[in-house]
Amino acid sequence: MTESKTENLDVVVIGAGFAGLYALYQFRDVLGLNVRAFEAGDGVGGTWYFNRYPGARCDSESFYYSYSFSEELQQEWTWSSKYPEQPEILKYLEHVADRFDLEKDIQLSTKVVSAVFDEAIAKWTVKTDRGDTLVTQFVVTAVGCLSAANMPDIPGRDDFEGVSCHTGAWPAAGVDFKGKRVALIGTGSSGIQSTPVIAEQADSLTVFQRTPNYTVPTRNKKLTPEATAWIKDNYTGIRELTRETAAGFPYHPIERSAFDVTEEEREEIFERLWQEGGFKFMWGSFNDLMQNKDANDLAAEFIRKKIREMVKDPVTAEKLCPTDHPWGSKRPPIDTDYFVTFNRDNVELVDIKEEPIEAITPKGVRTAKGEYAVDTIVYATGFDAMTGSLLKIEIEGLGGQTLAEKWSAGPRTYLGLQVAGFPNLFTITGPGSPSVLMNMPVAIEQHVNWISDCIQHMRDTGATRIEANLDAENKWVEHVNEAAQATLFYEAKSWYLGVNIPGKPRVFMPYVGGGKNYSDICDGVVEKGYEGFELAS
Ligand code: NAP
């Protein structure tokens with residue numbers, strides 16, 4: 001515990017990952033406010049600090065999965081490859097913290113435990129687990145959408161005598177797999193990235209799969225000096241395009257249905273994008289894959305065909321073929337050598353729909369068919385997404401209502417930016433905003449800029465308090481639901497819907513309306529004098 005102190009601030013930022021670092025920079029250095037950021041990790045980086053599992057890398061290309069706010073920063077930083085690994089992204093974020101002298105206003109190794117709004121003074125009192133008390137006009141959460149690790153409540157979990165680790169809370173000292181028998185539970189993006197790397201290091205790897213997943217090759221490659229020079233020369237256009245597109249990628253969308261072309265042309269397009277690798281398979285192929293099940297089936301079948309070609313054992317191949325949800329209705333992973341890893345002699349796939357996990361024993365994993373003795377268990381079991389990290393903090397708004405009470409039937413926000421009943425609280429990439437359906441840095445910068453402009457507007461006009469209007473919030477929640485229901489996203493048991501967490505309300509949390517459309521809506525709200533918000537002095 002550090003010495004207890006009370007500070008008066010303009011803004012408390014919670015988190016020092018991509019969102020928190022930029023928020024601190026923007027509020028402190030651009031607006032000139034008195035800001036302090038609190039970060040649970042012992043270093044900055046958020047997601048990229050905690051997700052150190054083997055094989056962790058970014059699924060968006062480095063030159064656009066990065067900040068755009070500083071021309072100097074983007075010119076001086078050079079990415080090694082298209083899809084850099086976690087250490088390089090963490091180094092980038094550490095560089096940003098250092099370059100903009102952010103660390104002096106970040107308190108590391110500190111969790112914010114509560115924030116209570118005092119209506120009389122229109123300020124928040126924020127408390128941390130290290131005994132700090134802060135009185136602040138604004139609280140801005142930058143807690144990340146995927147940061148509350150989900151450790152499944154499997155009987156006997158704590159009795160395991162070996163090493164257990166979660167991909168999203170990976171030990172900083174690393175985990176040594178050499179000579180070890182390893183169990184890996186979960187085949188989402190994290191499990192799919194770590195499987196090939198662990199398989200190479202460990203004596204044996206047993207992958208426990210509940211739902212097979214579609215994944216497309218990453219095809220990572222080094223960025224040549226010529227490619228880097230081109231990127232640096234063209235950053236202005238690249239960044240503009242990321243703000244003009246639905247998913248925040250700097251590529252023009254394809255205006256073509258899967259049924260606008262012949263079968264041969266369709267195969268050729270899928271094959272070309274499969275060879276190119278990455279998310280282009282989704283947004284560079286056809287524009288109706290997430291709306292039209294028949295179109296989606298074609299992409300899904302193409303991927304299943306590839307799985308059957310790559311995996312030698314036909315029984316294992318069939319187990320790896322997803323059939324219970326449309327492709328893309330769960331966040332699609334991209335991979336490096338995932339499927340071919342199941343051709344290795346030291347790798348086994350266990351389908352836990354066939355043989356459910358009954359318990360973790362002191363020696364390993366017991367399923368309905370028997371015990372798998374292992375030395376290490378890797379939980380690649382995902383996150384309590386979008387709301388988990390926010391609800392860990394005791395946030396109390398008007399009339400003593402907590403955020404947990406307000407969201408007991410699922411998150412409710414206006415634009416994913418504010419919650420009615422919680423004035424002067426802003427949620428960067430909060431539920432109800434495009435957030436996880438976008439290239440995150442683009443979503444983050446748009447939110448931070450909007451909040452920053454809003455605070456500046458309040459200063460200019462003498463307003464001290466802003467709160468989302470309940471009616472506007474209700475209409476936005478309705479719009480978010482309707483937008484999702486018009487897509488195939490509803491057909492999967494995904495973390496987008498909260499289905500992965502037992503007891504969590506089933507509500508589609510991100511806004512599927514697209515980044516550009518959403519930012520236009522946010523701008524329109526400002527043009528209409530912060531329509532849907534109540535500002536007061
Ligand atoms: P995830 O996608 O939620 O996958 C979790 C996996 O664990 C699923 O296969 C799930 O099975 C399984 N699982 C959960 N609870 C289980 C239980 N009790 N018993 C057995 N299996 C269980 O989590 P993630 O892989 O960590 O990825 C989460 C998100 O983080 C991604 O979708 C992505 O947005 C982000 N991410 C990004 C990157 C990147 O960009 N580089 C890398 C990793 C993660 P079911 O499918 O049956 O629920």
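Order of listing sets the numbers, starting from 1, for every ligand and every atom in it. Source: prediction; values computed, not measured.
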Go through the steps to decide whether His447 and Trp450 satisfy the test ring-ring contact (aromatic ring centres under 6.0 Å, His included), and finish with yes or no. CA-CA 5 Å; His447 259 195; Trp450 193 96; 8.0 Å; no
Qualifying salt bridge (Lys or Arg N to Asp or Glu O under 4.0 Å) pairs, either residue in residues 14-25, two or more places apart: none
Can you confirm whether or not the ring centre of Tyr379 sits under 6.0 Å from the ring centre of Tyr53? no
Apply ring-ring contact (aromatic ring centres under 6.0 Å, His included) to His252 and list each qualifying residue two or more places apart in sequence or on a separate chain.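 His252: no ring-ring contact (aromatic ring centres under 6.0 Å, His included) contacts found.
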Using a 4.5 Å cut-off on heavy atoms from C-beta on, say whether the side chain of Ser66 contacts that of Tyr92. yes
Just grab all the side chain to side chain donor-acceptor pair (under 3.5 Å) pairs involving residues 484-494, residues at least two apart or on different chains.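 Side chain to side chain donor-acceptor pair (under 3.5 Å) check on residues 484-494 returns no pairs.
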Report all protein residues having a heavy-atom distance below 4.0 Å to some atom of ligand 1; order the list by chain, then number.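 Tyr53, Arg57, Cys58, Asp59, Leu146, Pro152, Ile185, Gly186, Thr187, Gly188, Ser189, Ser190, Gln193, Arg210, Thr211, Lys330, Arg331, Ile352, Ala380, Thr381, Gly382, Phe383, Trp495.
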